[in-house]
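Here is the structure we will look at, set down as structure tokens.
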Amino acid sequence: MKVESLIKALNADFYTGVPDSLLKPLCNYLMNTYGIDRNHHVIAANEGNCVGVAAGYHMATGKYPVVYMQNSGEGNIVNPVASLLNEKVYAIPMIFIIGWRGEPGKHDEPQHVFQGEITIKLLDDLGIENVILDENMTEDDLRQVVNKFNKTLSEGKPVAFVVRKGALSYDVKVKYSNEYSMSREDIIKHIIAVSGENPIISTTGKASRELFEAREASGQGHGYDFLTVGSMGHTSSIAMGVALNKPDKKVWCIDGDGSAIMHLGALAVLAKHNPENMVYILINNESHETVGGLPTVSSNIDWKSLAAGAGFKWVSSVDNFTDLDKELNEAKNANHLSFIEVKCALGARDDLGRPTTTALENKIAFMEQLKKE
């Protein structure tokens, strides 16, 4: 189905969400039509943030907002759906559009498998009426669904489209870019060169894939790295847990701006507990690149000031490899928690692979390596 048909049927003029690869046609349509526009299209920090913004929109206008997200974000909406939207509380209606990663019977990455199995059940348990949107749904079918949904919405209840892979299409190409020059893959290679045999915890998406491939190319083992293939936004917390309990090891955290923004309060907690053996590296390309390249709000953030305000005592920002190597080496030899923002270009190799070990194998190898002196 053309995404324009869905847009027309919904007849909504406000969208907020967190980008998803299965919803790339919708995301690209919104960017091409509205860009980032507070009156029509807001890319939020996380899915719970979306629900709050959408709830405010509904109360201010009386209209039905649309919230889009990957099904991994269902966990982030449980609290506001149950304690804000539910008819036993404020009875606030909205339309969810949810990309169905890990749909049963379809191959997907390990972090999506269980989430895919429980996607519909979670919606049912939350009292969200839902319909699966696939490539076979006609415009007449869609109109019938929307008519049914409008009755539910009028009763103050949310509804959801669960979108199968390939269900939506959009013919217009949208290109995303920034002004930075360093590639993430090369940045990661520089981090590996300095970190040596220290443990690295890397964020979800292409960063972990590039870290895995860099180890493969150099013939190194994978026990040094924990690849956070899911649980976006929690990489720094995982690294903090390791660093606090392995004070004899220098622990490196590779995070991304989309991940950091998703649960930004984790940085304040990290700074408060101040593991002196940890280096936090924020690779900032100002985008949700792994799921399509849509922008984050990172271009509006002074990360050095934010980190300092959160409580980090040693902060830096670099946009070239000379300064990067200098900051990495200083952080390696320092006895304090370090924050390094690395400004990064958009883009990755077309032939970038995925880890060939399972998530469980990765965890076991990482734990075994941590035991070694």
Side-chain angles (χ1 to χ4, degrees), residues 19-22 70-72 99-117 165 183-239 241-242 249 251-260 262 279-283 285 287-293 342 344 346-372:
D20 169 45
S21 56
L22 296 193
Q70 185 181 111
N71 56 342
S72 62
W100 197 358
R101 295 298 302 269
E103 179 184 353
K106 294 188 178 181
H107 176 73
D108 212 326
E109 300 306 310
Q111 68 269 27
H112 298 298
V113 173
F114 182 63
Q115 183 70 55
E117 292 172 356
K165 184 176 182 179
S183 79
R184 183 182 49 248
E185 189 163 17
D186 286 336
I187 291 168
I188 288 171
K189 289 176 181 176
H190 279 245
I191 295 170
I192 289 173
V194 175
S195 63
E197 296 185 349
N198 300 149
I200 296 176
I201 293 87
S202 60
T203 190
T204 186
K206 291 182 180 178
S208 282
R209 292 164 61 184
E210 289 166 341
L211 176 58
F212 186 92
E213 291 220 337
R215 297 290 194 191
E216 285 281 290
S218 63
Q220 295 176 299
H222 297 288
Y224 302 115
D225 310 320
F226 181 79
L227 311 177
T228 314
V229 294
S231 58
M232 182 173 170
H234 298 295
T235 307
S236 65
S237 300
I238 297 168
V242 173
K249 294 183 181 291
V251 177
W252 301 74
C253 176
I254 300 175
D255 209 354
D257 55 299
S259 170
M262 184 163 277
V279 182
Y280 178 85
I281 301 166
L282 179 75
I283 299 182
N285 61 9
S287 82
H288 291 284
E289 184 184 348
T290 299
V291 291
V342 186
C344 172
L346 271 167
R349 288 186 286 113
D350 291 336
D351 62 347
L352 180 63
R354 296 181 182 275
T356 55
T357 57
T358 68
L360 182 57
E361 288 170 342
N362 174 215
K363 184 203 75 170
I364 292 170
F366 183 72
M367 291 179 69
E368 288 299 318
Q369 187 65 38
L370 284 179
K371 292 178 183 177
K372 298 177 181 178

So, for [X] and [Y], which heavy atoms are closest and what is the spacing to 0.1 Å?
X	Y	answer
S236	C253	CA-SG, 3.8 Å
K249	L370	CE-O, 3.1 Å
E213	R354	OE2-N, 4.4 Å
V229	T204	O-OG1, 2.7 Å
A214	I192	CB-CD1, 3.6 Å
C344	I187	CB-CD1, 3.8 Å

> With respect to R349, which candidate in E185, R209, E210 satisfies the side-chain contact (heavy atoms from CB on, under 4.5 Å) definition?
Replying inline: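 Checked E185, R209, E210 against R349; only one passes side-chain contact (heavy atoms from CB on, under 4.5 Å): E185.
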> Passes side-chain hydrogen bond (donor to acceptor under 3.5 Å, both in side chains), E289 versus S287? Steps please.
Replying inline: CA-CA 5 Å; E289 184 184 348; S287 82; 4.8 Å; no
Checking [X] side chain against [Y] main chain: does a donor-acceptor pair fall under 3.5 Å?
X	Y	result
D255	L282	no
S218	R215	yes
T290	K206	yes
S183	D186	yes

For the [atom1] atom of [X] and the [atom2] atom of [Y], what is their distance to the nearest 0.5 Å?
X	Y	atom1	atom2	result
R184	N285	CZ	CG	6.0 Å
I201	L211	CD1	CG	10.5 Å
S259	I283	OG	CD1	11.0 Å
K363	L227	NZ	CG	14.0 Å
I254	I200	CD1	CD1	5.0 Å
W252	S202	CH2	OG	14.5 Å

Flag the pair [X] / [Y] as yes when at least one side-chain heavy-atom distance between them is below 4.5 Å, and no otherwise.
X	Y	result
V242	F366	yes
H288	M232	yes
D108	K165	no
R101	Q111	no

>> The criterion is ring pair (Phe, Tyr, Trp, His ring centres under 6.0 Å); which residues satisfy it with Y224, sequence neighbours excluded?
In response: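 Partners of Y224 by the ring pair (Phe, Tyr, Trp, His ring centres under 6.0 Å) criterion come out as none, since no residue qualifies.
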>> Angle between ring planes, F212 versus H222, binned at 30° and 60°: parallel, tilted or perpendicular?
In response: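 Judged by the thresholds at 30° and 60°, the geometry between F212 and H222 is parallel.
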> In chain order, what residues pass the salt bridge (Lys or Arg N to Asp or Glu O under 4.0 Å) check against D350, with sequence neighbours excluded?
Replying inline: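 Counting only residues at least two positions away or on another chain, D350 forms no salt bridge (Lys or Arg N to Asp or Glu O under 4.0 Å).
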>> What verdict does the side chain to side chain contact (heavy atoms under 4.5 Å, CB included) test give for L22 and N71, after you've listed the backbone C-alpha separation in whole Å, the side-chain angles of each residue and the deciding distance to 0.1 Å?
In response: CA-CA 10 Å; L22 296 193; N71 56 342; over 6 Å; no
>> Quick check on E197: does its CD atom have over 12 non-hydrogen neighbours (other residues, nucleotides or ligands) under 6.0 Å away?
In response: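 No, the 6.0 Å shell around CD holds no more than 12 heavy atoms from other groups.
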